[in-house]
Amino acid sequence: VDAGTRFAFLALLILAAVIACAKPLGQYIANVMEGRATFASRLGGPLERLIYRVCGTDPSQEMTWAQYAIALLVFNLAGALVIYGLQRLQLWLPLNPQKLAGVSADSSFNTAVAFVTNTDWQGYSGESTMSYLTQMAGLTVQNYLSAATGLAVAVVLIRGFIRHSTDRIGNFWVDVTRSSLYLLLPLSTVLALVLVGQGVIQNFDSYKTATTIEKLTFDNPKTDAEGNAIKDDKGNSVTESVTTQAQTLPMGPVASQESIKELGTNGGGFFNANSAHPYENPTTLSNVLEIAAIFLIPFALTYTFGRMVGDTRQGWALMVAMLVLFAALATTAFVSEQNGNPSFAQNGVDNQETSVQSGGNMEGKETRFGIAASALFAAATTATSCGAVNSMHDSMTPMGGFVPLFLMQLGELTPGGVGTGIYTILIFAILGVFIAGLMIGRTPEYLGKKIEAREMKLASIFILTTPMVVLAGTAIGVVTLGGKAGVSNPGAHGFSEILYAFTSAGNNNGSAFAGLSANTKFYNVGLGIAMWLGRFWPIVAALAIGGSLASKKRIPVTEGTMPTHGPLFIALLIGTILLIGVLNYVPALALGPVAEHFMLFQGN
Amino acid sequence: MSPKSSMFVRVEFLRVIYVGVDKLVNSEFEEPNTDMDAIYITILLVLLLVTIGLVLGIDRIGEDR
């Protein structure tokens, strides 16, 4: 079986499984978020009521969109402060068998913002930086709460279409509690147990030292006191030769973090190598399950949307648009990686796939996963807001690397993160019907709500915030010493590294072109600010749109109403997404991966 | 919880807080960098306030509807 067939089989298998789960899971999510009784609520009801009593929450008290937004913002700021404090004080706190020192202030700031924004950007190496308590009580807890926050925002936007003539859009505390308690917690518990069955570790042991049979000699990059790579006059990293027979095996409560890392589309790995590490992703089956877990809730939310608005065809239409875009870009990534580097053929190196070699570009990939599973993982993790990796994106071919970059730049809506995917594509749908309305001279409407000036201004804030953050951040990165200092590959690829970092931060993805040394004050602060603005400004705009729609009257469907569940609407939606993405990012992409692609094929 | 147990919990809670504050004041950090903590917490607060400003500002959008 050739790699192309393996890729197609793997993609179809995972997508078929996820789509099969979309209806029952989407129905369940709708029931949970609308407060209907489920089997989980019968078990968790007393705990839910206890949480409300302890927190002083009246679940029947609904909020305006502004109250909802401020509750959300204050809640997330509190989460950031807790993570910040845990990192700074971890040396004196329990569950730190390695006696890891407190994390530096700038890295703590960056990580705190990264985990409350669902980005999970990691400028640090988990196994050598974070205590078990920080990983569990700080990072893993935020994996739940940031996903629950995204889901809450999505539900508010959907309520905007359902409700009419009201300024009440729900209760933030209730939405976050229900989604955490009845959706994320049960699903991630089951997945964690399955992953443990596959070999993912879950313990509080101190690190083990194994003695290897052979002596290992390797070149270790020298770093200065701040952990930055020392470079020579030509800009190359200075290394020193190290010989050892000792191998340290990090331990920790990995499975419990791994499961919500994928299900919550968070992506922050327990270890630096993320899902390329055998303790996070040990087998072919665990790899398949992790990709499926990334997709599971975002795709199910399309059905939730259809169910809540009373027309499931609306949800299926969004899912088809997501699938078309994802399939096209994931296939591009695979083909680019399997074709590999043309310089090999030009220099007489056999780089074709045979029964004894994979061919293509295997740099930065695990041999146990190969090109097909690595390319699919890379596309899945950037089509959502996950950011977990099972291969190093920095080592992909220029067009292979273009795909994750562009998937993020499209807004991560194919199918997007937990909650973020559905609310992002709904705002593109609003924009799409507005454009269609302009073309045919009718007042745009979507699901019985008129789309007017206020909604379009808010949609503009939503759509333009992220490109502004990404492009301004990249521009600052390429002209300042602090930005350029982190680049390991000068030229077009170095530009791509900076562009990728700000794209990942601004879109709350968290994956990286890891050649960039980002654990510096410049990147810790710059990317931290990008993550906050890229997360919460669009959320505020989405909540405001939800509030605005909820306050409107419903208008009846007439013969002149554009159907929003058919092929025409799907094509319009895909066109709108591509148009906005291309207009925003083509100049930057031309300077990065596109330029590198042409240089590669010219033999440079 | 009896009054005696309740008092014990309160005293223990205050003791833990005291030990934490004492360590911070005596700077058992590798470097005395609580200034840096103040800077980064301030950045977080500024980001929050700017975003709340957006919430309040948005209410004015669309008044020409």
Side-chain angles (χ1 to χ4, degrees), chain A residues 64-70 72-74 76-81 83-85 87-89 91-93 101-102 104-110 112-113 116-117 450 452-458 460-461 465 521 524-525 528-529 531-533 535-541 543-545 547-548 552, chain B:
Chain A
T64 64
W65 81 265
Q67 290 168 337
Y68 200 104
I70 290 172
L72 182 152
L73 291 169
V74 172
N76 280 282
L77 179 83
L81 292 175
I83 303 181
Y84 185 89
Q87 291 175 91
R88 298 290 285 148
L89 300 172
L91 184 58
W92 299 296
L93 295 171
S104 70
D106 55 314
S107 181
S108 296
F109 165 78
N110 181 280
V113 176
V116 297
T117 56
K450 276 187 182 175
E452 295 173 291
R454 177 175 165 81
E455 288 75 39
M456 289 319 302
K457 288 175 185 173
L458 293 169
S460 301
I461 292 174
T465 296
K521 282 193 171 58
N524 280 333
V525 175
I529 293 170
M531 286 186 273
W532 181 280
L533 297 178
R535 170 75 165 179
F536 293 114
W537 279 45
I539 277 182
V540 166
L543 290 174
I545 292 172
S548 180
K552 291 171 183 258
Chain B
M1 190 180 282
S2 69
K4 195 175 174 185
S5 306
S6 175
M7 180 58 74
F8 175 76
V9 170
R10 286 179 202 173
V11 169
E12 275 302 296
F13 178 72
L14 288 174
R15 193 183 69 78
V16 170
I17 298 285
Y18 170 76
V19 170
V21 171
D22 185 51
K23 283 186 172 175
L24 281 175
V25 170
N26 290 315
S27 290
E28 285 195 18
F29 289 108
E30 288 177 359
E31 48 182 313
N33 52 8
T34 43
D35 287 352
M36 295 307 295
D37 291 323
I39 289 170
Y40 288 111
I41 290 170
T42 304
I43 294 174
L44 275 172
L45 290 173
V46 169
L47 287 170
L48 175 78
L49 290 175
V50 167
T51 313
I52 289 178
L54 179 69
V55 174
L56 302 177
I58 274 179
D59 256 348
R60 301 177 64 86
I61 290 179
E63 284 176 347
D64 56 341
R65 176 162 43 160

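The basis for the numbers below is simple: all heavy atoms, side chains too, and nothing from hydrogens, waters or symmetry mates. Below, chains carry the letters A, B, ... as their sequence lines are ordered, and counting in each starts from 1.
- Interface remark: A:Trp537 contributes backbone and side-chain atoms alike to the contact with chain B (heavy atom separation under 4.5 Å).
- Rounded to the nearest 0.5 Å, atoms OG1 (A:Thr465) and CG (B:Leu54) are 7.5 Å apart.
- Put simply, the side chain of B:Thr51 reaches to within 4.5 Å of the side chain of A:Trp532, judged on heavy atoms.
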Where do A:Tyr84 and B:Asp37 land on the side-chain contact (heavy atoms from CB on, under 4.5 Å) test, with the steps shown first? CA-CA 9 Å; A:Tyr84 185 89; B:Asp37 291 323; 2.5 Å; yes

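- Counting heavy atoms from C-beta on, the side chains of A:Phe536 and B:Leu48 never come closer than 4.5 Å.
- Contact count against chain B (heavy-atom pairs under 4.5 Å) is highest for A:Asp106 among A:Leu81, A:Asp106, A:Ile70, A:Leu533.
- Residue contact with chain B, scored on non-hydrogen atoms closer than 4.5 Å, is absent for A:Ile539.
- Taking CD1 of B:Ile58 as the start and CH2 of A:Trp65 as the end, the distance is 4.5 Å to the nearest 0.5 Å.
- Residues B:Leu47 and A:Leu77 fail the side-chain proximity criterion, which asks for heavy atoms closer than 4.5 Å.
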